[in-house]
Structure formats: structure tokens, C-alpha cells
Protein chains: 2
Amino acid sequence: MARRISPQNPESRNTTDGRRVEQQAENHRRTRKAHLSEIAEDYVEVIAELIDSNGEARAVDIARRLGVTHVTVVKTIARLVREDLVSTKPYRSIFLTDAGRQLAEKARHRHQIVVRFLKSLGVSDAAANADAEGIEHHVSAETLQAFEQYCRRMNHE
Amino acid sequence: MARRISPQNPESRNTTDGRRVEQQAENHRRTRKAHLSEIAEDYVEVIAELIDSNGEARAVDIARRLGVTHVTVVKTIARLVREDLVSTKPYRSIFLTDAGRQLAEKARHRHQIVVRFLKSLGVSDAAANADAEGIEHHVSAETLQAFEQYCRRMNHE
DNA sequence: TATTATATGTAGCCTTCGCTACACATGTTG
DNA sequence: CAACATGTGTAGCGAAGGCTACATATAATA
Ligand SMILES: [Mn+2]
Ligand SMILES: [Mn+2]
Ligand SMILES: [Mn+2]
Ligand SMILES: [Mn+2]
């Protein structure tokens, strides 16, 4: 049983199939890579929100909003500093660099569109907000545009 | 500048705001948790595919489809064994447990719905397939239902 | 101002998912 | 069956994101 059709046996290794498999791998790689930027996006998004509403972003507030401890925030912020998305001074609050502000703006924009889209589809506010937090990071420009278009169509009728 | 309205100053700490912040934290926690199951879902999904098409799932094939090395596969499979989703014997291929099969079925189903939904929205095949790989893991039952409903509406007209 | 509450920072731990390098088992083929 | 190709396993590394415990700094207040 369990006859071996695959690896060493070329049967399932034709070019067509090989291309399909490579495409699948590429999609998974993209998704994994997206996950690396997810956290960065959520951080700068929350930081931008805090700066808007409070005038500044402090580690405890970021921690509270992300549901992690302040230690985790401090460590992650260190990475974001390395990546030139935020800047800090000891015992002072956290600032966005130009790149960080830009990323935050993009993230916020996308977040809003995804939420609006889900609501337009008939999803409840609670579920829309919850799901958007994950979905937002995996939406390509093309898909985002489709979401926007759908919202527009819904409103203009 | 940068007046301090937040932490030690109660101004932005009323109950309403506090609840909103707690909700936001909960959404982020959910998303993080979802990420832990993402990889498990992708693995069992790919394993199920391979068993269907090849009669068995081997580490190299899983690796090829996920775009990682076989070492990563072996290590992750070890975790899935601990979690009772798959089983292995040394130098033999990889099998799904009942729980694994069940999860794979759910993952495949969801994956298909998300892809169909995106295509129905007008997204290209390439983008739909790529984006679905990430989106699928962040779609609640409610949202999935909304996706299905939309597809049905599109077909029945 | 002294005390207390809150915020920030640091040390050190864990887990997961990646990788390379190399050893060993199994399958294929001359 | 011997040689070679392919698959599997293991050792050991790194980066990230979590955490607790504890030290230090800053802010609020008695
Ligand atoms: Mn998010
Ligand atoms: Mn967001
Ligand atoms: Mn996936
Ligand atoms: Mn999938």
C-alpha cells in the first residue's frame, strides 16, 4: 500500500505540476514574510493612534492596546528602532520616524478599508473589527482595491 | 508640547475608553493566537493534498510546497506530533491523525471559500490565491458565512 | 519634601520557526 | 551487489516574540 508516485519517481514531476508547486511555495513564502511586517504595522498603527489621541505614545499604553506586557513592547520597539520606524530616548515616549509615519498611515488606511468592507458585507461590528486585525496584513493592493470598489458600489445605490 | 493626557492622568481612562482599549487588546491577542495555528493548518492542508494526489506525504514534498527546507519541516512535524495532528515512523512518510484530518478538512474548506470569494469580487486568480493563503487564517465563522453568502448571491443571478 | 504610585529598563528564561552542515537510511540503477 | 541519488535525521546556530522578576526612574500626592 501507499505506492510511491512522487519524489524519486518522476511521474508527478512534470513541468506543469512543478510550476504549480513553485507557485504554492511562493504564496506561502509571501505569507510568512507578511507576518514579519504584521507586528511592525500593528505597532506603528497603535503608536500613531496614541500620538493623535494623547499627544504621545508610551510603552504602557502600547502594551495595553496590544495585549502584551511592557517588556515585550520595549524589546519590539528596539527592533523597530533598528529598522528606523520609530525613535526613542531613555525614559521618554516613543516617536515615529518619517518612514514609521508613512507605514502607520498606510496601515491605518488599509485597516479602515478592511473594516468598512467587512461591515458592508453584513458582518457584525465585533467580528469585522476582530477579523480585520489579521486580514489587513494579507491584502494585496489589488484585493484592497476590490474591497474599496465594493464599498463604493454598496453606497451608491 | 506633547502634553500628557494618558497614563497617570485619568482623563483618558474613563470606563468607555477602557473597554474600547480592552477590546482592541483582545483582538490583537486573538490575531496572535491565530498565527500559532496558521502553520499547523498550512501543514495539515498540504499533507492532506499530498496524500490525495500521491498516496503519501513525504517531508521533501511538504518542504517544496511550503517553500522551506526539509529540516524546518521535520522540526515542525515534531511539534504537530506532540499536538496529535500527525504521526510518523522513522524513515517513513507522514500521516494525519483523526484530529489532523479534521483540521485539514476545515482548512481546505475555508481556503476554497476564501479563494472563490476573492475571485467573485473580481480579484485575479494569482492575487486571490496569494492573498487567500494569509487571509484564510483570520476569517471567523461569521465572516466565512458572509463570504459564502456573497458567492451564492453572485452565482444566482 | 518625602512617600507612594506608576513607568521604564534589564537580566534571563522559554518557544517557535528559520537556516547550514553533516551523518545516516533508503531507493534506483548500472 | 555496488555505486549513486535521493530522502531523512540530528547538531547547533540565529532571530523574534513572548514571559517573570527585579532594579531604577519619573510623576503624583500627602
Ligand atoms: Mn493587525
Ligand atoms: Mn490594525
Ligand atoms: Mn495559509
Ligand atoms: Mn491554505
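Note on naming: letters A, B, ... go to the chains in the order of the sequence lines (proteins, then strands), and numbering restarts at 1 for each one. Just so we're clear, the structure is a prediction, and the values are computed from it rather than from any experiment. The figures here come from the full heavy-atom set of this structure, side chains too, leaving out hydrogens, waters and symmetry mates.
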CD1 of A/Ile62 to CG of A/Leu50, rounded to nearest 0.5 Å, is 6.0 Å
With rounding to the nearest 0.5 Å, note down the distance linking OG1 in B/Thr31 to CD1 in A/Ile39.
10.5 Å
Starting at atom [atom1] of [X], determine the distance to atom [atom2] of [N], rounded to an integer number of angstrom.
{"X": "A/Glu38", "N": "D/dG18", "atom1": "CD", "atom2": "C1'", "result": "16 Å"}
{"X": "B/Ile62", "N": "D/dG7", "atom1": "CD1", "atom2": "P", "result": "13 Å"}
{"X": "A/Arg32", "N": "C/dC19", "atom1": "CZ", "atom2": "P", "result": "7 Å"}
{"X": "B/Glu83", "N": "C/dC17", "atom1": "CD", "atom2": "C1'", "result": "13 Å"}
{"X": "B/Asp61", "N": "D/dT6", "atom1": "CG", "atom2": "P", "result": "13 Å"}
{"X": "B/Arg92", "N": "C/dC24", "atom1": "CZ", "atom2": "C1'", "result": "16 Å"}
{"X": "A/His35", "N": "C/dC17", "atom1": "NE2", "atom2": "P", "result": "11 Å"}
{"X": "B/Ile77", "N": "C/dG18", "atom1": "CD1", "atom2": "P", "result": "12 Å"}

Less than 6.0 Å separating the ring centroids of B/His35 and B/His137?
no
Can you confirm if the aromatic rings of A/His138 and B/His138 lie within a centre distance of less than 6.0 Å?
yes
I'd like to know whether [atom1] of [X] has more than 12 heavy-atom contacts from other residues, nucleotides or ligands below 6.0 angstrom.
{"X": "A/Arg153", "atom1": "CZ", "answer": "yes"}
{"X": "A/Arg20", "atom1": "CZ", "answer": "no"}
{"X": "A/Glu142", "atom1": "CD", "answer": "yes"}

Should the pair A/Phe117 and A/Phe147 be assigned to parallel (<30°), tilted (30 to 60°) or perpendicular (>60°) ring geometry?
parallel
Using OP1 and OP2 only, check whether a side-chain N or O of [X] sits under 4.0 Å from [N].
{"X": "B/Arg82", "N": "C/dT16", "answer": "yes"}
{"X": "B/Arg58", "N": "D/dT8", "answer": "yes"}
{"X": "B/Arg79", "N": "C/dC17", "answer": "yes"}

Toward the 5' end of DNA chain D, which comes first, A/Tyr91 or A/Tyr43, by nearest nucleotide?
A/Tyr43
Kindly give the atom pairs (protein nitrogen or oxygen, nucleotide nitrogen or oxygen) under 3.5 Å for nucleotides 20-22 of chain C.
none

Sugar-phosphate only, base, or nothing, as touched by B/Leu36 at under 4.0 Å among non-hydrogen atoms
nothing
Give the angle between the helix axes at the two ends of the helix from C/dT1-D/dA30 to C/dG30-D/dC1, taking five base pairs at each end and rounding to 10°.
10°
Looking at C/dC13, C/dG18, D/dT10, which one has an atom nearest to any side-chain atom of A/Lys75?
C/dC13
Proximity to the side chain of B/Val68 - top-ranked nucleotide from C/dG18, C/dT8, D/dG18
C/dG18
A/Gln112 and A/Glu136: CA distance, side-chain angles, deciding distance, side-chain hydrogen bond (donor to acceptor under 3.5 Å, both in side chains) verdict:
CA-CA 9 Å; A/Gln112 275 316 312; A/Glu136 59 178 353; over 6 Å; no
Could you check whether any side-chain heavy atom of A/Glu133 comes within less than 4.5 Å of a side-chain heavy atom of B/His28, counting everything from C-beta outward?
yes
